[in-house]
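We count ligands from 1, going down the list as the structure has it; atoms in each ligand are counted the same way.
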Amino acid sequence: MTASDTTSAAPAAQQLQPTPSQIEGPYFRLGAPRRESLIEPGTRGEVLMLSGRVLNPEGKPIPNAVVNFWMSDDEGNYDMIGYDLHGYTVTDAEGRYHMEMIEPACYEPRQAKHIHVKVQGDSRPLTTQLFLSDDEGRLRDRWFLPELEVKIEDAANGHKQGTFDFVIAQVTEKDNVTKASLDGRV
Ligand SMILES: [Fe+2]
């Protein structure tokens, strides 16, 4: 019998890798509305239904997390007056979100079509961006990371669909927050 055979300690739970943060870029603005779709009358482009979950590093779903998207239109331009293609949703009790959007264009100096997003639970906001598996330009983009790629598939309704799960750390006992905050966290 070796020393390792005698240990009764349970193996450490598998931790999920936190979603990497990325640049915010110059176009984020406060005040975007809560909505289930970023598409309005007149919005051009290929429709994409993006969905997924927000999880903590232990894999537990985080309800009531804010998932705030902003993106360029199909010509690579951002709306800096209103909130075209900008809005947030909130995860349900199972940590799920859905947002209807388009596949954005890319624009100089970027090489990739990308979806900007901020995700916030009982935590600081995570700012990052998502890339699309059907966009070859992503491979030439200096910010591309495989961990941030959404696998794009054709949906039955002729639109595109993709899923992406965000993993964000929540506040811990080390943080200076109230007991109620710690008791309420996922
Ligand atoms: Fe951008």
Side-chain angles (χ1 to χ4, degrees), residues 16-55 62 65-91 95-121 123-155 158-169:
L16 299 175
Q17 275 302 111
T19 303
S21 66
Q22 289 223 321
I23 55 167
E24 181 180 84
Y27 303 117
F28 176 75
R29 292 155 61 230
L30 291 173
R34 180 173 176 169
R35 58 211 301 200
E36 302 301 317
S37 175
L38 303 185
I39 295 174
E40 297 171 25
T43 302
R44 303 174 309 271
E46 185 113 52
V47 176
L48 167 64
M49 175 56 81
L50 183 67
S51 59
R53 294 174 301 165
V54 179
L55 306 170
I62 300 174
V66 173
V67 189
N68 193 348
F69 296 100
W70 73 104
M71 63 201 307
S72 75
D73 66 13
D74 68 339
E75 294 181 337
N77 297 315
Y78 288 81
D79 178 11
M80 298 304 290
I81 299 172
Y83 292 100
D84 284 353
L85 296 169
H86 188 168
Y88 74 94
T89 186
V90 177
T91 56
R96 283 187 234 282
Y97 73 90
H98 305 268
M99 185 65 90
E100 187 180 55
M101 53 182 68
I102 61 163
E103 286 203 1
C106 68
Y107 52 89
E108 291 296 329
R110 300 297 303 272
Q111 299 292 318
K113 301 174 179 177
H114 56 276
I115 300 166
H116 294 282
V117 59
K118 285 179 184 283
V119 185
Q120 187 164 25
S123 62
R124 290 183 298 168
L126 165 75
T127 301
T128 192
Q129 48 190 343
L130 303 180
F131 299 86
L132 310 176
S133 66
D134 62 350
D135 171 31
E136 285 192 14
R138 75 196 189 290
L139 302 174
R140 299 188 298 275
D141 190 273
R142 63 177 293 199
W143 300 105
F144 173 68
L145 288 176
E147 305 95 286
L148 294 172
E149 180 176 298
V150 180
K151 186 167 172 13
I152 301 296
E153 297 174 315
D154 292 322
H159 295 162
K160 304 275 188 182
Q161 65 183 21
T163 61
F164 191 87
D165 289 346
F166 297 95
V167 179
I168 58 173

Problem - Residue Tyr27, metal the Fe ion (ligand 1), N/O/S under 2.8 Å - result: no

Problem - Name of the residue among Arg29, Met101, His116 meeting side-chain contact (heavy atoms from CB on, under 4.5 Å) with Trp70 - result: His116

Handout entry: With the Fe ion (ligand 1) as the apex, the OH/NE2 angle for Tyr107 and His114 - to 10°
Key = 90°

Problem - Parallel, tilted or perpendicular: ring planes of Phe166 versus Phe69, cut at 30 and 60 degrees - result: tilted

Problem - Ring centroid separation Tyr78 to His86 under 6.0 Å - result: no

Practice task
Check whether any N, O or S atom of Tyr78, backbone or side chain, sits closer than 2.8 Å to the Fe ion (ligand 1).
Solution key: yes

Exercise for the section: For the residue pair Leu145 and Pro20, establish whether any side-chain heavy-atom pair is separated by less than 4.5 Å. Expected result: yes

